[in-house]
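None of the values given here were measured: they were computed from a predicted structure.
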Amino acid sequence: MNFRAGQRLRRNDDFRAVREQGRRMDCGAFLLTWRTRPADSQPSNPRVGVVASRASVGNAVHRNRAKRRLREIYRRHQTFVPPGLDLVLTARAALLRLEFADVEQRFANACRKLMPASPPTNG
RNA sequence: UUUUGGGGCCAGACCUUCGCUCCGAGUUCUUUGAACAAGGAGAGGAAAGUCCGGACACCAUAGGGCAGGAUUCCCCCUGAAAGAGGGGGCGGAGCGCUUCAAGGCGCUUUGACGGACAGUGUCACAGAGAAUAUACCGCCGUGCGGGCAACCGCACGGUAAGGGUGAAAAGGUGGGGUAAGAGCCCACCGCGCCGAAAGCAAUGACGGCGGCACGAAAAACCCAAUCCGGUGCAAGACUAAAUAGGGGACUCGGCGGCCCGUCGGAUAGUCCCGGGUUAGUCGCAUCCCGCUGUGUCUCACGCAAGUGGGGCAACAGGGGGACUGGUCACCUUCGGGUGGCUUGAGAGAAAUGAAGAUCACGCCGCAUCAAUAGUGCGGUGGACAGAAUCCGGCUUAACGGCCCCAAAACUAA
RNA sequence: GCGAAUGUAGCACAAUGGAUAGUGUAGUAGCCUCCGAAGCUAUUGAUCCCGGUUCGACUCCGGGCAUUCGCA
């Protein structure tokens with residue numbers, strides 16, 4: 001199960017679009033934000049961006065660690081995410097205190113709710 | 001053996017499965033190019049803070065002066081340089097010994113360690129007096145008055161010994177001297193000046209002279225000496241794409257604190273409004289060797305420009321070697337060795353991760369044992385912290401372990 | 001990453017190196033009022049931290065911490 005740079009959000013515009021037009025779900029350890037890409041771009045694999053701020057997580061070591069855990073969880077469960085979606089995972093303070101399996105379970109539950117949803121797009 | 005202080009080193013090891021970044025033999029797609037991929041490499045002692053110093057890049061050709069900033073420079077050594085490191089000298093503080101005391105000697109520790117007769121300013125409160133010293137109490141003398149007297153009061157003088165105030169009271173201690181006192185005189189000490197053994201030097205054993213003339217603070221302004229052009233890899237270079245050859249205002253400008261000087265030139269420059277691009281590549285990666293060039297130091301020749309010799313190694317180029325990891329071949333006393341080839345973290349919303357197992361280590365509990373140790377079982381812990389242009393320092397953070405040195409205490413011989 | 005600036009009561013600001021660090025507002029208690037508001041009186045509360053210079057530090061100097069800002 002690969003997870004290359006092409007599957008990640010790399011532009012500031014992408015992050016801003018997800019944050020302004022997307023829907024949110026609080027999963028305790030992290031905040032899940034998602035948005036369907038516009039119809040003109042061909043439907044492809046979902047993309048994801050990971051955010052861990054210094055204020056909520058801590059110093060550089062903890063920020064890197066939080067992002068690695070979120071990336072690893074997404075890598076294992078990316079088949080649950082429908083195509084054509086952009087996700088943003090924002091780390092919360094509790095992320096590094098919880099067990100890895102616990103956080104993994106929370107992401108799987110969130111993806112199950114994600115399936116039937118049809119998030120609004122601004123045409 | 002324990003404790004304390006100082007210095008140095010390490011920052012658990014190994015295996016399995018999946019994954020990330022870079023390099024990539026090679027394979028496929030008949031090419032430009034794209035996809036897949038064996039294999040290899042992949043965080044620190046502080047990568048941190050960004051406090052100093054450089055390299056490198058651009059801005060003027062980086063020149064002179066002023067302004068501004070930094071440092072102290074008491075000396076020697078190391079270093080490319082440094083608010084860098086090491087050693088010494090000098091001073092402060094503490095402790096011990098000694099002295100009547102001042103002081104001296106030893107040990108430890110510490111010092112942003114030039115200058116307070118170049119100048120300006122400050123020293124609150126308290127206190128009589130705080131920098132041209134000062135007479136409140138006290139001490140002493142003379143005169144007058146009172147009292148039998150001891151003595152008391154007043155006035156005029158002398159006096160810095162004593163009290164008291166303060167952070168600090170204008171050399172200290174002892175003796176002589178005096179009406180009482182005072183470097184007024186003497187001895188020792190301190191201080192200043194001169195000479196000087198020794199030492200590369202700072203410094204200075206020791207000797208002589210001066211009777212004291214020199215309060216603190218320059219981390220107040222300042223003065224002296226030395227150094228510094230500015231900006232920082234988001235420096236900067238190149239390629240591609242896109243938009244526009246707009247509108248308005250002003251003027252010689254480049255010029256970065258200012259001036260001189262210098263350079264360029266109206267098809268010029270600055271500012272504002274509006275519009276567009278904000279994509280990619282390079283910069284961007286081990287260490288050593290002086291071969292060539294740059295730079296720098298030095299010696300010889302020369303009036304000079306310069307020429308020649310030698311030293312240093314920060315930068316550019318080229319060559320060679322070493323080390324780390326890997327691999328292949330050979331040898332082997334099975335510890336390893338020799339040779340060939342290859343590699344040297346380099347991201348860009350930013351790679352080194354996730355899960356599991358074993359061993360070693362620390363701590364806790366239980367069992368075994370008379371007790372400790374040891375052994376067994378179970379639990380638990382591993383900090384501080386993540387490269388972002390590179391290098392030399394400084395500072396700060398932190399769990400634990402090992403080694404060395406010094407001091408003290410205890411035990412044994 | 002590189003480079004700057006600022007830290008004083010809960011909040012907004014003062015203080016030449018020298019009394020017990022002030023002012024407004026907020027808080028608490030009391031007075032006033034039928035009850036509140038306003039007003040009056042009293043009171044609590046602070047120099048970001050650690051060192052150094054000085055007789056004496058919010059102030060001067062050094063180191064740390066925190067916050068804010070700028071640069072393609």
Side-chain angles (χ1 to χ4, degrees):
Chain A
M1 195 66 71
N2 291 339
F3 182 44
R4 292 286 169 74
Q7 299 166 250
R8 298 204 297 265
L9 296 183
R10 299 171 74 101
R11 302 283 300 276
N12 193 25
D13 293 341
D14 295 335
F15 277 86
R16 196 169 343 121
V18 173
R19 230 177 258 177
E20 289 174 357
Q21 303 164 14
R23 303 185 62 184
R24 291 189 199 92
M25 189 190 303
D26 189 353
C27 303
F30 56 92
L31 186 72
L32 175 64
T33 314
W34 76 94
R35 162 185 177 263
T36 308
R37 276 202 297 279
D40 53 341
S41 61
Q42 69 275 19
S44 61
N45 288 329
R47 298 187 303 173
V48 71
V50 172
V51 174
S53 73
R54 182 182 166 85
S56 61
V57 180
N59 60 20
V61 172
H62 293 125
R63 298 203 309 128
N64 282 338
R65 187 178 190 76
K67 291 199 247 180
R68 283 167 188 154
R69 295 185 95 166
L70 289 177
R71 275 201 300 269
E72 175 69 13
I73 286 166
Y74 174 80
R75 185 181 69 81
R76 292 189 182 189
H77 298 90
Q78 57 186 299
T79 52
F80 296 171
V81 179
L85 280 187
D86 281 348
L87 306 188
V88 169
L89 299 172
T90 307
R92 309 289 297 273
L95 177 64
L96 296 179
R97 290 199 297 270
L98 294 174
E99 289 294 319
F100 184 82
D102 187 6
V103 181
E104 206 172 6
Q105 191 60 43
R106 284 166 188 264
F107 184 79
N109 292 338
C111 286
R112 218 159 287 129
K113 293 177 189 170
L114 206 60
M115 275 298 197
S118 59
T121 58
N122 59 342

Identified side chain to side chain contact (heavy atoms under 4.5 Å, CB included) partner of Thr33(A) from the options Val18(A), Leu89(A), Leu87(A):
Val18(A)
Per the glycosidic torsion and the 90° limit around 0, nucleotide rA43(B) is syn
Same cluster (ILVMFWY, side-chain, under 4.5 Å), Phe100(A) and Val61(A)
no
Any idea if rA266(B) is syn or anti, going by the 90°-from-0 cut?
syn
His62(A) or Lys67(A), whichever maps to the more 5' nucleotide of RNA chain B:
Lys67(A)
Is Arg76(A) salt-bridged to Glu72(A), cutoff N-O under 4.0 Å?
yes
Could you tell me how far rA102(B) sits from rG172(B) if I compare only their C1' atoms? Round to whole Å.
6 Å
Taking only residues two or more places apart in sequence or in another chain, which ones pass side chain to side chain contact (heavy atoms under 4.5 Å, CB included) with Val50(A)?
Lys67(A), Leu70(A), Arg71(A)
Using atom NE2 of His77(A) as one end and atom C1' of rC18(B) as the other, report the distance to the nearest whole Å.
13 Å
Less than 4.5 Å apart, any side-chain heavy atom of Phe107(A) and any of Phe30(A)?
yes
Presence of Arg71(A) side-chain N/O under 4.0 Å of rA350(B) phosphate oxygens OP1/OP2:
yes
Could you note down all residue pairs passing salt bridge (Lys or Arg N to Asp or Glu O under 4.0 Å) where residues 77-89 of chain A supplies at least one of them, sequence neighbours left out?
Arg35(A)-Asp86(A), Arg37(A)-Asp86(A), Arg47(A)-Asp86(A)
Rounded distance in Å between the P positions of rG311(B) and rG340(B):
32 Å
To the nearest angstrom, how far is Leu96(A) atom CG from rA354(B) atom P?
10 Å
When you measure from the side chain of Gln105(A) to the backbone N and O of Asp102(A), does any donor-acceptor pair fall under 3.5 Å?
no
Using atom C1' in both nucleotides, what's the gap between rC10(B) and rA383(B) to the nearest angstrom?
14 Å
For nucleotides 42-48 of chain B, print each protein N/O atom paired with a nucleotide N/O atom at under 3.5 Å, atom names and distance only.
none

For rG141(B), give its Watson-Crick or G-U wobble partner with both distances under 3.5 Å, or none.
rC156(B)
Who pairs with rA349(B) - Watson-Crick or G-U, where each distance is under 3.5 Å
none
In whole angstrom, give the distance that lies between atom CZ of Arg63(A) and atom P of rA347(B).
19 Å
What is the distance, to the nearest angstrom, from the CZ atom on Arg47(A) to the C1' atom on rA349(B)?
12 Å
Between P on rG353(B) and CG on Leu95(A), what's the gap in Å once rounded to a whole number?
16 Å
For RNA chain C, the expected dot-bracket line (Watson-Crick or G-U under 3.5 Å, [ ] crossing, | inter-strand) is (((((((..((((....[...)))).(((((.......)))))....(((((..]....)))))))))))).
Rounded distance in Å - CZ (Arg69(A)) to P (rG353(B))
13 Å
Which base, if any, makes a Watson-Crick or G-U wobble pair with rG94(B), both distances under 3.5 Å?
rC107(B)
My understanding is that a hydrophobic cluster links ILVMFWY residues whose side chain heavy atoms are under 4.5 Å apart, including indirect links. Using that, what else belongs to the cluster containing Leu96(A)?
Val57(A)
rU372(B) pairs with which nucleotide, Watson-Crick or G-U wobble, both distances below 3.5 Å?
none
Contacts of type side-chain hydrogen bond (donor to acceptor under 3.5 Å, both in side chains), residue Asp26(A), not counting sequence neighbours
Arg92(A)
For rC117(B), the Watson-Crick or wobble partner whose two distances fall under 3.5 Å:
none
Using atom C1' of each nucleotide, how far apart are rG18(C) and rC60(C) to the nearest Å?
15 Å
Quantified in whole Å, what is the C1' atom distance between nucleotide rU226(B) and nucleotide rA82(B)?
14 Å
Expressed in whole Å, how much space separates the P atoms belonging to rG44(B) and rG386(B)?
14 Å
Measure from the side chain of Asn59(A), starting at C-beta and using heavy atoms only, and say which of rA349(B), rA385(B), rA355(B) lies closest.
rA385(B)
Should Val88(A) and Val48(A) count as side-chain neighbours, where that means a heavy-atom distance under 4.5 Å?
no
I want to verify the glycosidic state of rG157(B); is it syn or anti under the 90° rule?
anti
Pick the C1' atom in rG163(B) and in rA135(B), then give their distance to the nearest Å.
14 Å
Regarding Arg106(A) and Asn109(A), do their side chains bring together a donor and an acceptor under 3.5 Å, going by distance alone?
no
Could you identify the nucleotide paired to rG400(B), looking across every strand shown and requiring Watson-Crick or G-U wobble geometry with both distances under 3.5 Å?
rC10(B)
Rounded C1' spacing from rG253(B) to rG269(B) in Å
6 Å
Counting only Watson-Crick pairs (N1-N3 plus N6-O4 or O6-N4) and G-U wobbles (N1-O2, O6-N3), all under 3.5 Å, who is the partner of rC212(B)?
rG190(B)
With both distances under 3.5 Å as the test, what is the Watson-Crick or G-U wobble partner of rA55(B)?
rU389(B)
Whole-Å distance between rA385(B) P and Arg65(A) CZ?
14 Å
Using the side-chain heavy atoms of Ala60(A), tell me which of these nucleotides is nearest: rA354(B), rG386(B), rG353(B).
rG386(B)
Can rG230(B) be described as syn, meaning its chi torsion is within 90° of 0, or is it anti?
anti
Give me syn or anti for rG92(B), where syn covers glycosidic angles within 90 degrees of 0.
anti
Can you list the residues that meet the salt bridge (charged side-chain N to carboxylate O under 4.0 Å, His left out) rule with Arg63(A), with sequence neighbours excluded?
none
Whole-Å distance, Arg75(A) CZ to rG19(B) C1', equals 4 Å
